[in-house]
Amino acid sequence: MLEMLPYPSGDLHVGHAKNYTLGDAVARMMRMLGYNVLHPMGWDAFGLPAENAAIQRGIDPAQWTRSNIVNMQRQIRLMGTGYDWSREIATCDPEYYRWNQWLFLRLYEQGLAYKREAPVNWCPNDRTVLANEQVVDGRCWRCHSPVERRNLSQWFLKITAYGDRLLAGLDGLEGWPERTKTMQRNWIGRSAGVQFSFAVENSAARIGVFTTRIDTVYGVTYLAIAPEHPVVAQIVTEERRAEVERFAASLASKSELERTSLMAKQGVFTGAHAIHPLSHERVPIWVTNYVLAEYGTGAVMGVPAHDERDFEFARDFGLPIAQVVVPPGSAAEDPLEAAYVDDGRLVVSGDFTGMPSARARDAIALRLAEMHAGETAVNFRLRDWLVSRQRYWGTPIPIVYCERCGEVPVPDEHLPVLLPADVPITGEGSPLARDPAFVNTACPRCGAPATRESDTMDTFFESSWYYLRYLDPHGDAAPWGKAAADRWMNVDQYIGGSEHAVLHLLYSRFFYKFFHDRGWVHGPEEPFARLFHQGMVLYNGEKMSKSRGNVVGIDETVERQGVDAMRLFLLYVTPPEDTSEWTDEGISGRVRFVNRVWRACEPFFDRAGRTSLAELPPAPSAAERELVRAVHVAVKSATDETISRRFHFNATIAKLDEYVNALTALGRTAPGSPAVHYAVHALPTIIAPFAPHVAEELWERLGHAESVHLQAYLQPDERALALEEITLVVQVNGKIRARIQTSPGIGEDAAYELALEQSGVRAQLEGKQVRKRIFVADKLLNIVAG
RNA sequence: GGGGAAGUGGCGGAACGGUAGACGCAGCCGCCUCAAAAGCGGCCGGGCACACCCCAUGUGGGUUCGAUUCCCACCUUCCCUACCA
């Protein structure tokens, strides 16, 4: 049982409480249902806010983080959560990040961590790189300067090597929301097609392109390449060179967002021509802003007739549009009003003319392969994961640069590479790079003077494997023990926000597959068997935020309404996956409920009577039987919602309302009834997962020695759930014409006889012939007549 | 542009093909009280010739004996994603 580990940002509000309350209620339910539950908690403690506090207010990030952890742990305990704090971890502890570095080195050994130059988001004002999520509308989220593109040498993790497995693994994740799996599928973006190349006229260069629509290859009227493509310098003609370079320079610092979404399509002719490998026609080669250097080969074949983007570009720049696929059963249009992007039948396509698109794709791919000019290929939208950060408050990357040996990994026995304290943090550049005591070191291989890598790791690195560290939080021989992993993994139920649908949840899956390949974990290749996304909590119709001043704090709420009422309200307002609205009126309803529960039990404190829950009590009257039934309806709801992983405890709590109302009424009129005593003593055990404090207090006052949280949950009893009298609905042609009170188990014929006695039914059947009867036992009789 | 989720009383929601609106909030009436709060009891989708009956789960179709529920289209709202060749 696991909730996503929080960033220790400071104060918690009731929006956070929803997540912890749900996880805690489920963990407590599972325990009372007899499962052995591991329910740990920790801190995603590295990250920007701590460093920003240092920049803005001169506070030490470590101290800032520590004091936030102290406060947040207090608040999380205040919520009545039952975490195993002996397994608590904080990712900023050297004890933890030591293993971060160890894992980085293992990835490095396998060639899955590598350094290369790549275009990244750069904030010129803060002089540091920014993660994609820190760029809002093309601007830095802190200083709002427009973000630039820079080529920098960065560390990447080769997540793309796992693209196919990350995609395939999703199919087996039946306990994951379909929506989240879809988002991951889209993010991974696997496309199968053909990669082939064009020769360049008067040049030795070849230009490779990737396409999923090789059936449209005869419609190529130009090639479009990214300005960064290395072939550009080689092929551009002298008279065009200046213009091409000017164009490339104008785009160099533009972010991907600016180039693609905000700008119209632009391009410059290189002066060079490529030779079509099949038709041998000459096609012009253009440099454009809409081709991404980082995807596929960085060049595309331009087929204006059958691609919307190419159509737009060709129209704006006066390039020819050649239709080579026509819709089934119609002829080529002249001129095309818009790109025809669907499959069809090929025309003007050499040997392939007349073929349907699907067959042509296979045939053309085969021909190109025979010519040794191309092959089928798969491309992913997913890019390798950039994990370098020019930041202080993170895990140092354990690499040393030696003039003689080059890039040298820090040996395991030298770990951890400690993050130095007392480094001036100004917000300009990387603090570690300016700390000679940190940077200057000896080469671990040859002993010569060397320099350390000054980048730290993206904090998503830590959170991609933290769940395993809980299994052996103090182990110093390995990040986790294999035996513990075999015993506990994978995570049975994971709870967290959907904002991590592709980030944390994708990275973790990647890591876990890597661990599996190394033999460090066995069993399922997926770390999280089931996943649940809780919804947000709004206040005054808005997301809670300190800056807007609409935050409902934990401390005030606990002070005013109490923890149990808060927990009950959060579970009761909406199903947990939905967005809910915090209202003072709403929580006061749960305060009343807690009070009603107390008053219902209070007369029975220190009172002798039936206290065993092992057997159903005798219940001579209908009211008593209804009360016992209400107990078991609530038990059944709580159990079903847990086992099914639907977690709709809002429905369970509604049943508890009915239970307590029935108990209150009967407790007054028949305080000596064994059924009442049964209902009183059962109540604390049934509400224990949701309202742990009042449950424990009542349980003790009712004279029980052992904690209520160690009791087994009642099992729904079919005899108690059985109804004595049922309402049989009688329909004629699907419309309700009568309701008959009768005993359960009544047969179809007997029910029919009774139905015919009803005037409403008789009136509807007048002059009609009964054709069919539909009978649902104890529920309904539908008479079809006409 | 692409993908996804959701539309039920004044409000949050219940009903996983079989009595639509459980339960709660708000509101109204009553009891208790000198009074108020709290508590307790009752009413609470619309219409009507008011114990009957009719209409009603965004709109329009379909499947079914029967649809809030399943399928299709449309409308609205929200979320994600965005030139990925």
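Small disclaimer: the values here were computed from a predicted structure and weren't measured. Numbers restart at 1 for each chain; the letters A, B, ... are given by sequence-line order, proteins then strands. These values consider heavy atoms only, across backbone and side chains, with no hydrogens, waters or symmetry-generated copies.
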**Student:** Show me the side-chain donor-acceptor pairs of residues 497-507 of chain A shorter than 3.5 Å, one per line, residues at least two apart or across chains.
**Tutor:**
residue	atom	partner	partner atom	Å
A/His504	ND1	A/Ser463	O	3.3
A/His504	ND1	A/Ser508	OG	3.3
A/His504	NE2	A/Tyr494	OH	2.7

**Student:** If the glycosidic angle sits within 90 degrees of zero it is syn, else anti. Tell me which applies to B/C50.
**Tutor:**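 The base of B/C50 is oriented syn (glycosidic angle within 90° of 0).
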**Student:** Just checking A/Ile736: base, sugar-phosphate only, or nothing, at a heavy-atom cut-off of under 4.0 Å?
**Tutor:**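 Answer is sugar-phosphate: A/Ile736 comes under 4.0 Å of backbone atoms only.
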**Student:** Mind checking if A/Arg668 touches a base, just sugar-phosphate, or nothing, with heavy atoms under 4.0 Å?
**Tutor:**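 Sugar-phosphate, backbone atoms only, no base.
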**Student:** Tell whether A/Lys265 reaches the base of B/C83 with its side chain through a donor-acceptor pair below 3.5 angstrom.
**Tutor:** yes
**Student:** Describe the nucleic acid contact of A/Thr574 in one word from base, sugar-phosphate, nothing, applying a heavy-atom distance below 4.0 Å.
**Tutor:** sugar-phosphate
**Student:** Select base, sugar-phosphate, or nothing to describe what A/Lys735 touches, counting heavy atoms under 4.0 Å on all strands.
**Tutor:**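 Since only primed, P, OP1 and OP2 atoms lie under 4.0 Å of A/Lys735, the category is sugar-phosphate.
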**Student:** Classify the side chain of A/Asp657 and the base of B/C23 as holding, or not holding, a donor-acceptor pair under 3.5 Å.
**Tutor:** no
**Student:** One thing to verify: whether A/Asp215 and A/Arg361 come together as a salt bridge, which I'm taking to mean a side-chain N less than 4.0 angstrom from a carboxylate O.
**Tutor:** yes
**Student:** Give A/Ser580 one of three labels, base, sugar-phosphate or nothing, depending on what nucleic acid heavy atoms sit under 4.0 Å from its own.
**Tutor:** nothing
**Student:** Give one of base, sugar-phosphate or nothing for A/Arg596, where a contact means two heavy atoms less than 4.0 Å apart.
**Tutor:** sugar-phosphate
**Student:** Starting at atom NZ of A/Lys655, determine the distance to atom C1' of B/G13, rounded to an integer number of angstrom.
**Tutor:**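 Between C1' of B/G13 and NZ of A/Lys655: 12 Å.
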**Student:** In whole Å, measure the gap between the P atoms of B/C55 and B/U64 for me.
**Tutor:**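 Those two atoms are separated by 23 Å.
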**Student:** Select base, sugar-phosphate, or nothing to describe what A/Val573 touches, counting heavy atoms under 4.0 Å on all strands.
**Tutor:**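 Sugar-phosphate only.
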**Student:** Checking one value: the base orientation of B/G9, syn if chi is within 90 degrees of 0, otherwise anti.
**Tutor:** syn
**Student:** For the pair made of CZ in A/Arg739 and C1' in B/G18, what is the distance, rounded to whole Å?
**Tutor:** 12 Å
**Student:** So what does A/Glu658 touch, heavy atoms closer than 4.0 Å: a base, only the sugar-phosphate, or nothing?
**Tutor:** sugar-phosphate
**Student:** Does A/Gly589 reach a base, just sugar-phosphate, or nothing at all? Heavy atoms under 4.0 Å.
**Tutor:**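 Contact class for A/Gly589: sugar-phosphate only.
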**Student:** Students often get this wrong, so: under 4.0 angstrom with heavy atoms, is A/Asn379 touching a base, only sugar-phosphate, or nothing?
**Tutor:** nothing
**Student:** Start at the 5' end of RNA chain B and walk down; is the nucleotide closest to A/Val784 or to A/Arg737 reached first?
**Tutor:** A/Arg737
**Student:** Which part of the nucleic acid does A/Tyr572 contact within heavy-atom distance under 4.0 Å: base, sugar-phosphate only, or nothing?
**Tutor:** base
**Student:** Reckon A/Arg646 touches a base, only the sugar-phosphate, or nothing at all at heavy-atom distances under 4.0 Å?
**Tutor:**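 Base, at least one base atom sits under 4.0 Å.
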**Student:** Closer than 4.0 angstrom, basic N to acidic O: yes or no for A/Arg773 and A/Asp749?
**Tutor:**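 Salt bridge present between A/Arg773 and A/Asp749.
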**Student:** Reading RNA chain B from 5' onward, which residue's closest nucleotide shows up sooner: A/Gly586 or A/Arg599?
**Tutor:**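 Residue closer to the 5' terminus by nearest nucleotide: A/Gly586.
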**Student:** Under 6.0 Å between the ring centres of A/Trp385 and A/Phe460?
**Tutor:**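 Here the rings of A/Phe460 and A/Trp385 have centres that are no less than 6.0 Å from each other.
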